[in-house]
Every structure is written in C-alpha cells, then in structure tokens.
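Below: the structure, in structure tokens.
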Amino acid sequence: MSLPLTVLAALYGAAAGLLVPRAAYRLAVEAGEPWRAGCPGGHPLTGPARGWAGLGRCALCAAGDRSGAVPPAGALSAPAPPSAPLSTGTSPEPGTDGAPARPGPCFGPRSAGAALLSALACGGLAAVTGARPELAVWLLLVPFALVLGHVDVAVHRLPDVLTLTLPAATAALLGGAALLPGSGGSWTGALLGGAALGGAYLVLFLIHPAGMGFGDVKLALTAGVALGWYGWGVLLVGAFAGFLFGAVYGAALVVLRRAGRKTALPFGPFMMCGTFLGLLLGGLARS
C-alpha cells in the first residue's frame, strides 16, 4: 500500500464528493419530469458544465435575494420521501406572519457526508489497487456511483443519462488502461462480464418485473464491466454481495417493522456496494 497515493486519492474523493449534492438534486425527479434547473428558492443553477458542476448551495438564497426566483421544474411538485437524504434546505418553521418558510441555501444530500463517503471509497480503492492504470477508472466512477445511489434512494429510479453512458465509458477507459504497462485485469473479461451480468439481470427482470427496476438492469452493465476486469470469481462475488446486502437490509427493516415484505426498496445502492467490495477483493488479489 502506498500511503501518499492513498492520501491523494482520498483528497480527490473528498473534492469530487462536494460536487455530488448538486448533481443528485438536479437528477432526483420523478419519471417524465425535466431535470431541475434551479435551486429550491427558484434561482437558476449556473456554473461550469452548464450548472452541473458546483456545490449544493445557492449564494443568492444565503443572501436572502428573492429577485428573479422562479420555482424550478420538479422542485416542488414531487417532494422526496421522509427517508430520502435529498434535503431542500427549507427552514423548519414559517414566519410569524403566516408566510411559507423560505428555502435555505443548501440542497441535495449533505455535502459533508457525500465528501466523506467519496473520500473513504477512493482512499480504499487506492490502498488495495496501488498505482495500476485501472485505479484512475475506479476513481472516476466513484462520484457517479454516489450520485446514482442518492437519486435511487430519493425517487427509486436510476437516470438513463448515467446508466446508458457509464457502461460504454467504463469499457473504453478500461480498454485504455489495458494498453498501459502494469494493468491488473483483462479488457476482454470486462466486456464479457458486462454482457453476462447485464444479461442475468435482464432475465431476472423478465421473470419478475415487479421485483426489479429496468434501471437496475442498465446499471448491471457498468457493474459487470468493472467486476469482469478482475475475472469471473470477482464478478460472482460482487454480484452476490449486492443481493446479500439488499436482503440483509430488507430483513432488518421487516424485523424492526419499518417495512413490509412487499415494500419497494432501491436496489441500486446495494449493487454498487457489492461492486465496490468486488473491486477491493480484486485489487487485493493482485497486490
């Protein structure tokens, strides 16, 4: 394990994690609704990458500026469930004059939590992978995985803009990594892994559509490409771990009477946790 590399990866993860809340907030809308273009207070989200890259905080709301505020599409029509982490930053109590509460400056998942999760994930991957070319691919995937996880928890859907582009992007990046010296996996295995896991999820979806969303099928393509890089053993362990994590969490909710046997749960976060575990094991096996 290279301590400087691990520290650098963790710092990168923390910085990338700070960008997660805004993207998660914008994408966490119900099916058929446009992505959010403004903060909960109605101010347009501006900045790099057409407003997608930035902190989950509105400077105008923080300053109390209400000029030009227009309610953003999807921001008020479909509130997130109580358990969702996508806070809109609304102040807890309305004013004494009966006026509605003014939205606070922060929105999306908590920035500190997102930065911490991203730092831990990136640092862990760097610690076990080392300075191999595929590490750059794993580090790039971490913030996108966090965005997908937050959106799935909030609205129980995985946006196509990520699930349809990440498989090809991951395969292309791993193809480049395979050409560099010191790579620890197989590009052919990655492609086969994506096809195998995506196909397996598709079969499960066709057998029991009510038990799995089609977004999970598309996410399985990316998970399969990443896990397949390290071989069939890692692919099977990572895929099984996702189902195991989901089953344990669901059983715990039933035992605690916080959910029933037919309660729909977002499966995407468990898939990504299983993939993360598989990548850790794959990196350790080649260290």
Side-chain angles (χ1 to χ4, degrees), residues 1-14 16-17 116-146 148-149 166-201 204 216-217 219-249 267-287:
M1 180 182 74
S2 172
L3 183 59
L5 179 63
T6 301
V7 172
L8 287 175
L11 292 175
Y12 154 80
L116 178 61
L117 281 177
S118 184
L120 291 174
C122 291
L125 288 168
V128 301
T129 307
R132 290 197 292 269
E134 62 265 24
L135 175 62
V137 183
W138 308 151
L139 296 183
L140 288 173
L141 288 177
V142 167
F144 291 102
L146 290 177
L148 285 170
L166 283 178
T170 304
L173 290 172
L174 287 176
L179 299 176
L180 299 176
S183 62
S186 165
W187 189 55
T188 302
L191 297 181
L192 293 176
L197 193 60
Y201 268 75
L204 293 175
D216 298 327
V217 177
L219 179 60
L221 294 172
T222 302
V225 169
L227 292 170
W229 171 260
Y230 286 131
W232 293 108
V234 171
L235 175 67
L236 292 175
V237 170
F240 175 76
F243 284 103
L244 180 62
F245 292 154
V248 170
Y249 180 77
F267 189 57
F270 303 111
M271 293 176 63
M272 288 179 279
C273 286
T275 302
F276 177 70
L277 176 62
L279 294 181
L280 291 179
L281 294 176
L284 282 173
R286 285 155 178 78
S287 60

Closest heavy-atom contact between [X] and [Y]?
| X | Y | answer |
| --- | --- | --- |
| Thr275 | Ala226 | CG2-CB, 4.4 Å |
| Ala241 | Leu277 | CB-CD2, 3.9 Å |
| Ala119 | Ala10 | CB-O, 3.4 Å |
| Leu135 | Gly130 | CD2-O, 3.2 Å |
| Gly268 | Asp216 | N-OD1, 3.7 Å |
| Gly224 | Leu197 | N-CD2, 3.5 Å |

- Task: Quick one: which residue pairs count as a side chain to side chain donor-acceptor pair (under 3.5 Å) with a foot in residues 178-192, not counting sequence neighbours?
- Result: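 Checked against side chain to side chain donor-acceptor pair (under 3.5 Å) - neighbours excluded - no pair reaches residues 178-192.
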- Provide the full list of side chain to side chain donor-acceptor pair (under 3.5 Å) pairs with a residue in residues 230-248, sequence neighbours left out, each pair given once.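 Output for this query lists Glu134-Tyr230, Trp138-Tyr230.
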Measure the [atom1]-[atom2] distance between [X] and [Y] for me, rounded to the nearest 0.5 Å.
| X | Y | atom1 | atom2 | value |
| --- | --- | --- | --- | --- |
| Thr129 | Leu280 | OG1 | CG | 7.5 Å |
| Leu148 | Met271 | CG | CE | 10.0 Å |
| Leu141 | Leu166 | CG | CG | 6.5 Å |
| Leu279 | Phe276 | CG | CZ | 8.0 Å |
| Leu139 | Leu8 | CG | CG | 10.5 Å |

- Message: Test of understanding: with side-chain contact (heavy atoms from CB on, under 4.5 Å), list the residues that count as partners of Val142, not counting sequence neighbours.
- Response: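 Testing Val142 for side-chain contact (heavy atoms from CB on, under 4.5 Å), a comparison that skips the adjacent residues, returns Ser118, Ala121, Cys122, Leu125, Leu146.
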- Task: Tell me, yes or no, whether the heavy-atom count around Phe243 atom CZ, taken from other residues, nucleotides or ligands under 6.0 Å, exceeds 12.
- Result: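 Counting neighbours around CZ of Phe243, more than 12 heavy atoms of other residues, nucleotides or ligands fall under 6.0 Å, so yes.
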- Apply side-chain contact (heavy atoms from CB on, under 4.5 Å) to Thr222 and Phe144, showing your working. CA-CA 11 Å; Thr222 302; Phe144 291 102; over 6 Å; no
